[in-house]
Q: 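This structure is in structure tokens; I'll ask about it shortly.
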Amino acid sequence: MSSWWQLGEESGQFGTNRALYQSDHLRGITAALISAVASAAYIVINKYVYLHYAVKPAQYVPIFMIATGFYGLLNVVFHIWKQRGTHQKYKKGPSLFVYAVIISAGLGLVVVGQYFTSAVNSSIIFPAIIVWTAIFSWVLLRERFTRSQIIWCVVLFVGLYIAIVGFRSLTLHIGDLIVLVGTAFVGFSNAYSRPLIARVGSVVATNARVIVGALMAILIALFTLRDVSINSGVVIWALAAGFCLYIGARSFALATHLIDANHTSVINNMQIIFVGVLSVSVLGEDYSVEKLIGSLIVLTSIIFIAHARSRKTATK
């Protein structure tokens, strides 16, 4: 029979654990929201640069990627300084490099596509990453999916179609297609990197991808920026967009750790709402009823896909 002080101690421990859970849950939701806002900000900033400065994708994308890599490099330097006296080796160096190249190419294509399409369209297409990740997880990792997941993935693409094309015949613009291809690269890298990130951690993976992306951009810049003068305003905005992308990636990783990938994905893709508001108020873009209907279908699909994943995980 337990004594009163033992019961009180157990009750106090339960209360402490519950408080810690609630604290981590709140931090996770906050991190996911920061990720959504940061994602929306960098999408809008990129389009703002294209609209207000005489710069082409071949000139802006390298600057943007170098700016993003700058923040990753700063984080690495800080980490090395903080961990001075210790030495870490990662046996997954080649796989990490391949992951970094693939996801950098995908994000670069997304920024290229933004030159030819609106910020609203880019933000609506971006959740296609969820579908591409599911497809490549099935191909690479042999993951099985429930009927519910498959149905809602199809519904998500229907929502994308309505939001981008409308209720007309297929008239997909080149910018929309480039962004969609970019999301396919990102989806492939997500599936490819899942076992990798479990070994090296999300912070190392994020820093590696932005630094390798910056090195790739420097090589591209040697050809595209050789005889081109770049407005200082473009560089400043690229630094701002790169900061948003880096903070968004780090916040997403933190949220995934504190809550879970399913809830993080739902909250992160609320960037559709933030981009819709900013694109209309800041960029002066049109927001039709078709885009609204398509966006709602996409968001609903994301919620049900995440719910189906949660149920599948719970039954394992």
Q: Within a strict 4.5 Å, meaning less than it, do heavy atoms of the Ile273 and Leu299 side chains meet?
A: yes

Q: Please round to the nearest 0.5 Å and tell me the distance separating atom CD1 of Ile66 and atom CG of Leu239.
A: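 One gets 10.5 Å once the value is rounded to the nearest 0.5 Å.
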
Q: What heavy-atom pair brings Ser123 and Pro127 nearest, and what distance separates the two atoms?
A: O-CD, 3.1 Å

Q: Could you check Val76 against Val204 for side chain to side chain contact (heavy atoms under 4.5 Å, CB included), going step by step and ending with a plain yes or no?
A: CA-CA 8 Å; Val76 169; Val204 172; over 6 Å; no

Q: Please enumerate all residues that pass side-chain contact (heavy atoms from CB on, under 4.5 Å) together with Ala208, with sequence neighbours excluded.
A: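 By the side-chain contact (heavy atoms from CB on, under 4.5 Å) rule, Ala208 matches Leu96.
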
Q: A side-chain contact here means heavy atoms from C-beta on lying under 4.5 Å apart; do Asn269 and Ile130 qualify?
A: yes

Q: Enter the distance from Ile29:CD1 to Ile34:CD1 here, rounded to the nearest 0.5 Å.
A: 12.0 Å

Q: So, taking the atom named CD1 in Ile247 and the one named OG1 in Thr206, what distance separates them when rounded to the nearest 0.5 Å?
A: 10.5 Å

Q: Identify the two heavy atoms, one from Val275 and one from Ala119, that lie closest to each other, and give their separation to 0.1 Å.
A: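 For Val275 versus Ala119, the nearest heavy atoms are CG1-O, 3.4 Å.
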
Q: Apply side-chain contact (heavy atoms from CB on, under 4.5 Å) to Ser118 and list each qualifying residue two or more places apart in sequence or on a separate chain.
A: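 If we apply the side-chain contact (heavy atoms from CB on, under 4.5 Å) test to Ser118, skipping adjacent residues, the hits are Val120, Asn121, Glu285.
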
Q: Which residues pass the side chain to side chain donor-acceptor pair (under 3.5 Å) test with Tyr42, not counting sequence neighbours?
A: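 For Tyr42 there are no side chain to side chain donor-acceptor pair (under 3.5 Å) partners, ignoring immediate neighbours.
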
Q: What heavy-atom pair brings Val298 and Leu156 nearest, and what distance separates the two atoms?
A: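 Scanning both residues completely, I find the closest heavy atoms to be CG2-O, 3.8 Å.
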
Q: Is it possible for you to say whether Leu215 and Ile220 belong to one hydrophobic cluster, with membership spreading through side-chain heavy-atom contacts below 4.5 Å?
A: no

Q: Taking the side chain as everything from C-beta on, heavy atoms only, tell me whether Ser39 gets closer than 4.5 Å to Asn268.
A: yes

Q: Are Val179 and Ile135 joined in one hydrophobic group, where the rule is that I, L, V, M, F, W and Y side chains link up if heavy atoms are under 4.5 Å apart?
A: yes

Q: Can you pull out every side chain to side chain donor-acceptor pair (under 3.5 Å) where at least one residue sits in residues 292-303? Sequence neighbours excluded, please.
A: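 Residue pairs passing side chain to side chain donor-acceptor pair (under 3.5 Å), neighbours aside: Tyr287-Ser295.
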
Q: Is it true that a side-chain atom of Ser251 and a backbone atom of Gly248 form a donor plus acceptor pair closer than 3.5 Å?
A: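 Looks like no, no N/O pair under 3.5 Å.
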
Q: Among residues at least two apart in sequence or on other chains, which ones pass ring pair (Phe, Tyr, Trp, His ring centres under 6.0 Å) with Tyr71?
A: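 For Tyr71 the ring pair (Phe, Tyr, Trp, His ring centres under 6.0 Å) partners, ignoring immediate neighbours, are Phe243.
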
Q: Distance from Thr68 atom OG1 to Leu245 atom CG, nearest 0.5 Å?
A: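 Reported value, rounded in 0.5 Å steps: 5.0 Å.
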
Q: Between Ile63 and Ala238, which heavy-atom pair has the shortest distance, and what is it?
A: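 Shortest heavy-atom separation between Ile63 and Ala238 comes out as CG2-CB, 3.6 Å.
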
Q: Which atom names give the shortest non-hydrogen contact between Leu140 and Ala191, and what distance separates them?
A: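 Looking at all heavy atoms of both residues, the shortest contact is CD1-CB, 4.2 Å.
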
Q: Determine whether Arg209 and Leu107 make a side-chain contact, defined as any pair of heavy atoms from C-beta on separated by less than 4.5 Å.
A: yes

Q: Between Tyr53 and Tyr60, is there a side-chain heavy-atom distance shorter than 4.5 Å?
A: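 SC-SC contact between Tyr60 and Tyr53 ruled out.
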
Q: I need the minimum non-hydrogen distance between Tyr99 and Ser189, along with the two atoms involved.
A: CD1-O, 3.7 Å

Q: Consider only side-chain N and O atoms of Tyr246 and Asn207, and report whether a donor and an acceptor are under 3.5 Å apart.
A: yes

Q: What about Phe70 and Phe64, same hydrophobic cluster or not, with Ile/Leu/Val/Met/Phe/Trp/Tyr joined at side-chain heavy-atom distances under 4.5 Å?
A: yes

Q: Does Ser279 form a side chain to side chain contact (heavy atoms under 4.5 Å, CB included) with Lys47? I'd like the steps, not just the answer.
A: CA-CA 9 Å; Ser279 63; Lys47 191 59 183 180; over 6 Å; no

Q: Would you indicate whether the side-chain heavy atoms of Ile103 and Phe185 approach each other to under 4.5 Å?
A: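 Of all side-chain heavy-atom pairs linking Ile103 with Phe185, none is under 4.5 Å.
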
Q: Enter the distance from Thr117:OG1 to Ile125:CD1 here, rounded to the nearest 0.5 Å.
A: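 That separation rounds to 6.0 Å.
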
Q: Same hydrophobic cluster for Ile272 and Met270, using side-chain heavy-atom links shorter than 4.5 Å among ILVMFWY?
A: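 Same cluster.
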
Q: Does the side chain to side chain contact (heavy atoms under 4.5 Å, CB included) test come out yes or no for Leu283 and Leu278, once each step is laid out?
A: CA-CA 7 Å; Leu283 303 178; Leu278 290 173; over 6 Å; no

Q: Group every Ile, Leu, Val, Met, Phe, Trp and Tyr by side-chain heavy-atom contacts under 4.5 Å, then state whether Ile267 and Val277 land in the same group.
A: no

Q: Do Met65 and Ser104 have side chains that get closer than 4.5 Å, going by heavy atoms?
A: yes

Q: Going from CD1 on Ile236 to CD1 on Ile45, what distance comes out if it is rounded to the nearest 0.5 angstrom?
A: 12.0 Å

Q: For the pair Ser193 (side chain) and Leu196 (backbone), establish whether a donor and an acceptor sit closer than 3.5 Å, ignoring hydrogens and angles.
A: no

Q: Assess whether side chain to side chain contact (heavy atoms under 4.5 Å, CB included) is satisfied between Ser122 and Val110, documenting all intermediate values.
A: CA-CA 8 Å; Ser122 299; Val110 170; 5.5 Å; no

Q: Filter on ring pair (Phe, Tyr, Trp, His ring centres under 6.0 Å), then keep only pairs touching residues 107-136, sequence neighbours left out; what's left?
A: Tyr50-Tyr115, Phe136-Phe188

Q: Are Gln271 and Ser35 close enough that some pair of their side-chain heavy atoms sits under 4.5 Å apart?
A: no

